[in-house]
Amino acid sequence: EPVPAPRFAQVAVATDRSCAIDEDGGVLCWGLDLLSSDWGATVLAPRPVNGVENAVSIALGETYACALIEGAGLQCWGQTPIAGLEPGALPEEPFFLSGSSDVTDFALSPGRICGVLTNGGVRCWGIMTDPGDCFEPATTVVDTFDLPGVSDVTTVAVSGSATCFTRVDGSASCWFGLVGELFELPFTDATRLYAAQSDGCFSAQASFCAVTSGGAVDCVDGFSMAELGAVTRIHEGDPAAVAILWRATPDEYCIEGASGALWCKAAGGEVIEAEQVAVAQSHACALSSEATLSCWGYSVTASTAANGSG
């Protein structure tokens with residue numbers, strides 16, 4: 001009798017690996033093995049991450065991963081950008097991030113983890129890069145850093161030196177670095193942000209998009225944070241957007257619709273009916289309405305599909 005395909009609740013992907021939360025709150029990963037003492041080792045099929053239970057959401061950084069654990073905070077594994085660890089240090093098992101027990105939403109960048117707190121504030125761990133010389137930026141590794149004067153935050157996104165967030169009233173802002181510079185984004189009805197600050201410099205090309213409460217997507221671009229252009233609506237109508245999955249150029253993007261459908265402008269329309277879709281530079285994974293998981297594109301293995309189809 002055929003073995004039933006695993007059932008999943010969420011999936012996340014990076015360039016060289018994928019992870020998914022199963023219906024019981026466990027986490028399975030495949031691709032680059034972040035817990036192997038032999039860095040570069042790969043796992044060819046989904047394998048449980050031992051010690052991670054009751055996960056409600058997951059995100060993948062460049063060399064690490066974190067999951068939000070119900071009632072317990074953020075649990076991370078791999079080469080995390082956390083103070084107190086030597087560069088390239090690889091913890092032997094997943095560990096809970098100190099001071100994360102009241103995190104409700106979180107986001108990762110290659111060097112930083114940031115989360116929304118139950119009191120509406122934002123807390124970060126890892127590398128804080130202050131605006132300035134793009135070639136010799138001032139960086140500081142911190143155990144924890146609470147963004148000062150920030151409140152009523154609902155969601156967070158991180159990119160480059162920017163930590164961006166939405167507020168209860170629909171406004172949105174970005175905080176830069178440790179010394180700090182708060183920059184207001186020109187959104188008035190933002191429920192979730194997509195930040196694509198190209199290389200981490202305050203003066204570099206910047207791009208931000210916001211999903212509105214009505215399911216539209218508004219974007220703003222500029223040659224620097226100080227030179228952002230006018231807000232442009234790039235999507236509205238069916239499907240109503242709940243998240244921006246990927247945006248490569250002003251005219252190429254993918255959204256997740258309220259119905260669970262993936263809609264990509266570059267692809268000319270709907271690609272697959274799904275409950276959730278995660279996209280990396282070279283591959284993507286989608287959860288169907290039956291809670292099965294399919295992946296396509298290039299990962300680490302020739303076949304990346306968790307349910308056996310590529």
Side-chain angles (χ1 to χ4, degrees), residues 59 61-62 81 103-117 119-134 137-142 144-213 216-234 241 243-250 253:
E62 190 172 74
V103 166
T104 61
D105 183 69
F106 75 104
L108 310 181
S109 72
R112 186 166 72 264
I113 304 165
C114 291
V116 179
L117 307 178
N119 66 4
V122 175
R123 178 170 295 161
C124 295
W125 298 259
I127 300 172
M128 302 297 290
T129 302
D130 287 305
D133 188 340
C134 294
T139 60
T140 305
V141 181
V142 295
T144 60
F145 175 70
D146 291 355
L147 272 58
V150 173
S151 61
D152 298 325
V153 172
T154 54
T155 67
V156 66
V158 292
S159 180
S161 60
T163 302
C164 303
F165 48 87
T166 58
R167 299 186 183 90
V168 174
D169 64 3
S171 63
S173 300
C174 291
W175 176 274
F176 288 86
L178 186 64
V179 173
E181 185 167 357
L182 188 64
F183 193 93
E184 297 293 330
L185 294 174
F187 300 125
T188 59
D189 186 25
T191 61
R192 184 164 288 278
L193 291 176
Y194 177 86
Q197 196 197 7
S198 61
D199 61 6
C201 302
F202 182 80
S203 59
Q205 178 75 32
S207 177
F208 302 93
C209 294
V211 175
T212 72
S213 59
V217 177
D218 294 334
C219 294
V220 61
D221 304 281
F223 291 106
S224 70
M225 289 300 299
E227 299 178 7
L228 292 178
V231 174
T232 301
R233 178 151 296 182
I234 66 169
I244 308 158
L245 303 175
W246 168 75
R247 186 175 183 237
T249 71
Y253 59 90

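Of all heavy-atom pairs spanning L182 and S173, the tightest one is CD1-CB, 3.9 Å. Pairing each heavy atom of V217 with each of A241, the nearest pair is CG2-CB, 3.7 Å. The nearest pair of heavy atoms linking C114 to V122 is CB-CG1, 4.5 Å. Annotation for A107 and A157: closest pair CB-CA, 4.0 Å, computed over non-hydrogen atoms. Counting all heavy atoms, side chain and backbone alike, G115 lies closest to V103 at CA-CG1, 4.1 Å. T154 approaches D105 most closely through the heavy-atom pair O-CB, 4.1 Å.
Formation of a donor-acceptor pair under 3.5 Å by the D218 side chain with backbone atoms of A210 is not found in this model. Distance alone, capped at 3.5 Å, is enough to place a donor-acceptor pair between the S109 side chain and the R112 backbone.
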Side chain to side chain contact (heavy atoms under 4.5 Å, CB included) between T166 and F187, intermediate numbers included: CA-CA 9 Å; T166 58; F187 300 125; over 6 Å; no

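Residues W175 and C124 have side chains not in contact (no heavy-atom distance under 4.5 Å, counting atoms from C-beta outward). Two residues are said to be in side-chain contact when any heavy atoms from C-beta on lie closer than 4.5 Å; L185 and L193 meet this criterion. Using a 4.5 Å cut-off on side-chain heavy atoms (C-beta onward), C164 and F183 make no contact.
Applying the side-chain hydrogen bond (donor to acceptor under 3.5 Å, both in side chains) rule to pairs touching residues 144-153 yields R123-D146, sequence neighbours excluded.
T191 and S213 are not linked by any side-chain donor-acceptor pair at a separation below 3.5 angstrom, with hydrogens and angles left out of the test.
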